[in-house]
**Student:** 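First the structure, which I've put down as structure tokens, then a few questions once you've had a look.
Below, read A as the first sequence line, B as the second, and so on, with proteins coming before strands; counting in each chain starts at 1. On a predicted model such as this, the values are computed, not experimentally measured, just so you know.
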Amino acid sequence: MSNYDTKTIEPKWQSAWQEAGTFVANRDEAKPKYYVLEMFPYPSGRIHIGHVRNYTMGDVIARYKLATGHNVLHPMGFDAFGMPAENAAMASGGHPKTWTYDNIDTMVDQMKPLGFGLDWSRMFATCDPEYYGQQQSMFIDFMEKGLVYRKNAVVNWDPVDMTVLANEQVIDGKGWRSGAEVERRELTQWFFKISDFSEELLDAIDGLDDWPAKVKLMQQNWIGKSRGLEFSFERVDNGETIPVYTTRPDTLMGASFVGISPDHPLAKELAEKSPAVASFISAVTKGGTTEEALEKAEKLGYYTGIEVRHPLHPDWHLPVWIANFILMDYGTGAIFGCPAHDQRDLDFCRKYELPVIETFQSLTDPIMVDDVAFVPPKTEKVTWINHFAGLTVATGEEAIDATIAFAEEQGWGKGVTNYRLRDWGLSRQRYWGCPIPVVHCEDCGVVPEKKENLPIALPDDVSFDQPGNPLDRHPTWRDCACPACGKPAKRETDTMDTFVDSSWYFARFTAPRAETPTNMDDAKYWMNVDQYIGGIEHAILHLLYSRFFARAMHICGHLPESAIEPFDALFTQGMVTHAIYKTDGADGRPVYHYPEDVELRDGTGFLSDGTEVEIIPSAKMSKSKNNVVDPVAIIDQYGADTARWFVLSDSPPERDVEWTAAGAEAAFKHLSRVHRISADIAEGKDTGSDDNALRKALHKTIHDVTMGVESFGFNAAIAKLYAFTNVLAKSKASHAARREAVLTLAQLMAPMTPHLSEEVWSMQGGEGLIANAPWPKADESLLVEDTVTLPIQVNGKRRSEITVAKDLDKAEVEKLALADEAVIKALAGGQPKKLIVVPGRIVNVVI
RNA sequence: GCGGGCGUGAUGGAAUGGUAGACAUAUCGGACUUAAAAUCCGUGGGCCGUAUGGCCGUGUGGGUUCGAGUCCCACCGCCCGCACCA
């Protein structure tokens, strides 16, 4: 008899690991190091089943690497600054700090029972002054190296909450909390000079061999390199110039207007003189900067009355318009419009009745630009009306190159590379973030704080009863002495974007208590992160910012050059989803039912009163849809190992997995079965003498599971473990062979189900902890069968099979195949055209 | 609009170009039990057949190959990312 009592077993082994210090990482030059990291959580208050999946994957890698002789670093911390804490404070009257640290305590309490092999001694939260003080210190280093600067920038401003809003916080042009119409405001903000690294960040993507292609592509597109021509139009009235940038210089002959951004200096200059221009600009700049707002916005233009000369035909005069769709911070903030070959320009010209001039034509179909612009791919050959040789047949690429070369030769323009990537605005008008460590002095200007005064800690005595940043209205915190001249001065009250906090935590984990941001010896030893695991939602910003930060930290001497690409391998895991159970309520609105209130019969769900419910499968978990699975409840019901096993078992790790009650139940049954088999074997009886078959199956399993774990094929590895458990359960073998089999099975399962594995290990009298036991090695000689069964195909269709000795030579196999009844029948006395024998694989008879 | 991915039983999913559907779930049948639970054994793509077996089958159409779920082309459907970027 066995009793798989997880409530006893799991805490027992967790204590054993803790006492043995199994997962505490120390530098050890004698062993190869392995740094595995999962993206650290935000302390929202409860762990989510998605966290369980994420950390289980990391834990499988960590425990596997430990077993294969690596010195493993597997840390955990909290990304603890951010708005939810302030919102909670505003809603409940508490303090963001209390709320955050309480949540961290709760979440640690919820994570520990899951038995992750984490080095808890390295834990920190980004809101610890010891952490953000080091961040401030690096900020000052960045200032010295010119990696951070201040400039005016247009932001989304919520006039009620008196704060800057991120684009995601603007909904339908209104602030997400206040509901107030969002304004565009120009504020002086801090920026990291990430754009200096555009080319380098782009180039280095090629070297990220173990990153998903999708993520690399997303980063490439985000950096958005483009090549084009920059040149200037000369004003007819006063000879001043308006520089423009274009990626399609080959369409220059089709220019019919020049457009400038409402934020363009010329537009501002005109607005000062003309109330009409001013009111146009203010009308089109209302409503936020979000993509959503921009997409809905109609294309609007205002004719300035100014005309400019076409660079190649000074007698052609083009009107200058202010247009709302032109962005000030891309290119020069001014364009020329070529309506024939750009849809947006065409829409604009049709609306304002500007001329449309075709400059190239399709080689195959006649074109007639009406409401659809003719925009061939750059690689397509077209007839091109060029500015220096009349008509030419060329691809767009060739035409662009030729025009740039021509412009450079003539000296009126130059080829320019542009990037979409903007500098990273990091200022936030928020309390719960890392204070920017600078001081504003009337005499000295903006001065970095002295490092010995760090951390500039957030004051605790703040109130959230008024909108705006509490730091702004704190009576004393702002007041300080100028670090340069000593006179009374004011602290910067902006705090840093929380993405800053998460852009270097991985480096801090290598020396979390160091008196400097990092310790070079530790950083050299532990960096890079060998395997980073997290959600695809961080594919762009977090990963790009971290790549920038690693470079910036290297420049400031905080990371070795070898760590400028901090993540060697990246894995993006899927979500855990759950069905939604829905009925229509009396008022026509949907009613969502908890899974425990729904009875499933043959795939149809019913409520207790017999009402049928609609089942929406595999939906993202959401409190409002009542489909959230709480890991704490699952651990209580089945234990941590079941939760860990199930989230890995049913789907490939990169794909979403649907949590189902039946699946969790099945996982639990399987683990109970392994426990039962182990108890049975522990009784010491022989069940037969077929040891060889069992050993062969075992070593095949060792091989397959090892491959599975190495390649993130956790679901496939688990399938092999199921299959071997079936073999073991039925095996008729000696006690010694069965004991060996169950010990090894426990080892192979240990990365996924560490508690059960330790229990089985100790039941069988295994030595020490299974967590420290070396990973089993497959005996190659047992992987090869003496005989193989070869399928015989006739014209590619399987017709028969023969069992032959593994190394039987080809001629013999051919002979046997031709002697096969099915083959004889198919040949009907004739000769085969061809006979293909793939040794150990297959025979194909072609007739 | 641009870019990327995916499409296999009732379901989640397996399958270095080489026996499609491993493993699991649902279903159905059986053993044990007074009964139930638990456990164990079996069934588990479709069609025909008592059966040995046969035919069909990986979104659709074509191609490459001795052989295609896998590679290539086109189409259909779904999902994701980016986007007034000049």
**Student:** Expressed in whole Å, how much space separates the P atoms belonging to G17(B) and U70(B)?
**Tutor:** 11 Å
**Student:** Taking the C1' atom of each, how far is G12(B) from G4(B), in whole Å?
**Tutor:** 24 Å
**Student:** Does Tyr245(A) put a side-chain nitrogen or oxygen below 4.0 Å from OP1 or OP2 of A86(B)?
**Tutor:** no
**Student:** Side chain to side chain donor-acceptor pair (under 3.5 Å), that's the test. Do Ser226(A) and Tyr330(A) meet it? Break it down for me.
**Tutor:** CA-CA 11 Å; Ser226(A) 70; Tyr330(A) 186 78; 2.9 Å; yes
**Student:** At under 4.0 Å between heavy atoms, which parts of nucleotides 8-26 of chain B does protein reach? Answer with one letter per nucleotide, 5' to 3': B base, S sugar-phosphate only, - none.
**Tutor:** ----SSS-B-BB--BSSS-
**Student:** In whole Å, I'd like the distance from the CD1 atom of Ile536(A) to the C1' atom of C6(B).
**Tutor:** 14 Å
**Student:** How close or far is atom P of G4(B) from atom NZ of Lys214(A), stated in whole angstroms?
**Tutor:** 11 Å
**Student:** Assess whether a salt bridge exists between Lys351(A) and Asp347(A), defined as any Lys/Arg side-chain N lying under 4.0 Å from an Asp/Glu carboxylate O.
**Tutor:** no
**Student:** Expressed in angstrom and rounded to an integer, what is the separation of Leu835(A) atom CG from C66(B) atom P?
**Tutor:** 14 Å
**Student:** Would you say G42(B) has OP1 or OP2 under 4.0 Å from some side-chain N or O of Lys730(A)?
**Tutor:** yes
**Student:** How is Lys225(A) classified with respect to the nucleic acid when contacts are heavy atoms under 4.0 Å: base, sugar-phosphate, or nothing?
**Tutor:** nothing
**Student:** Would you classify G9(B) as syn or anti? Syn applies when the glycosidic angle is within 90° of 0.
**Tutor:** syn
**Student:** Measure the distance from CG on Leu252(A) to P on A86(B) and round it to the nearest whole Å.
**Tutor:** 16 Å
**Student:** Looking only at side-chain atoms of Asn221(A), point me to the closest of A86(B), G3(B), C80(B).
**Tutor:** G3(B)
**Student:** Do Gln573(A) and Arg655(A) make a side-chain contact, defined as non-hydrogen atoms from C-beta onward lying under 4.5 Å apart?
**Tutor:** no
**Student:** Salt-bridge test for Asp401(A) and Arg227(A): reply yes if a basic N is under 4.0 Å from a carboxylate O, no otherwise.
**Tutor:** yes
**Student:** For the pair made of CZ in Phe325(A) and P in A83(B), what is the distance, rounded to whole Å?
**Tutor:** 18 Å
**Student:** Would you tell me if any nitrogen or oxygen in the side chain of Arg676(A) comes within less than 4.0 Å of OP1 or OP2 on C40(B)?
**Tutor:** yes
**Student:** May I ask you to say what Arg799(A) touches in the nucleic acid, namely base, sugar-phosphate or nothing, with a heavy-atom cut-off under 4.0 Å?
**Tutor:** sugar-phosphate
**Student:** Under a 3.5 Å limit for both distances, which nucleotide forms a Watson-Crick or G-U wobble pair with C28(B), could you say?
**Tutor:** G42(B)
**Student:** Between Glu537(A) (CD) and C79(B) (C1'), how many Å, whole number?
**Tutor:** 16 Å
**Student:** Is there a Watson-Crick or G-U wobble partner for C85(B) with both distances under 3.5 Å, and which nucleotide is it?
**Tutor:** none
**Student:** Measure centre to centre between the rings of Phe646(A) and Trp659(A), then say whether the value is under 6.0 Å.
**Tutor:** yes
**Student:** From CD of Gln220(A) over to P of A83(B), roughly how many Å is that when rounded to an integer?
**Tutor:** 16 Å
**Student:** Looking only at N and O atoms, is any donor in the side chain of Lys299(A) or the base of C84(B) less than 3.5 Å from an acceptor on the other one?
**Tutor:** yes
**Student:** With a 4.0 Å cut-off on N to O distance, would you call Asp342(A) and Arg248(A) a salt bridge?
**Tutor:** no
**Student:** Suppose we call two aromatic rings close when their centres sit under 6.0 Å apart. Are Phe668(A) and Tyr4(A) close by that rule?
**Tutor:** yes
**Student:** P atom, A14(B) versus A24(B): distance in rounded Å?
**Tutor:** 15 Å
**Student:** Between C66(B) and Lys834(A), is there an OP1 or OP2 to side-chain N/O distance shorter than 4.0 Å?
**Tutor:** yes
**Student:** For this output row, return yes or no: ring centroids of Phe724(A) and Tyr722(A) closer than 6.0 angstrom.
**Tutor:** no
**Student:** Hey, does the side chain of Arg53(A) reach the backbone of Gly574(A) with a donor-acceptor pair shorter than 3.5 angstrom?
**Tutor:** yes
**Student:** Of Ser226(A) and Glu665(A), whose closest RNA chain B nucleotide lies nearer the 5' terminus?
**Tutor:** Glu665(A)
**Student:** Under 3.5 Å for both donor-acceptor distances, Watson-Crick or wobble: does G7(B) have a partner, and if so which one?
**Tutor:** C76(B)
**Student:** Let me know the distance between CD of Gln219(A) and C1' of C80(B), rounded to the nearest Å.
**Tutor:** 16 Å
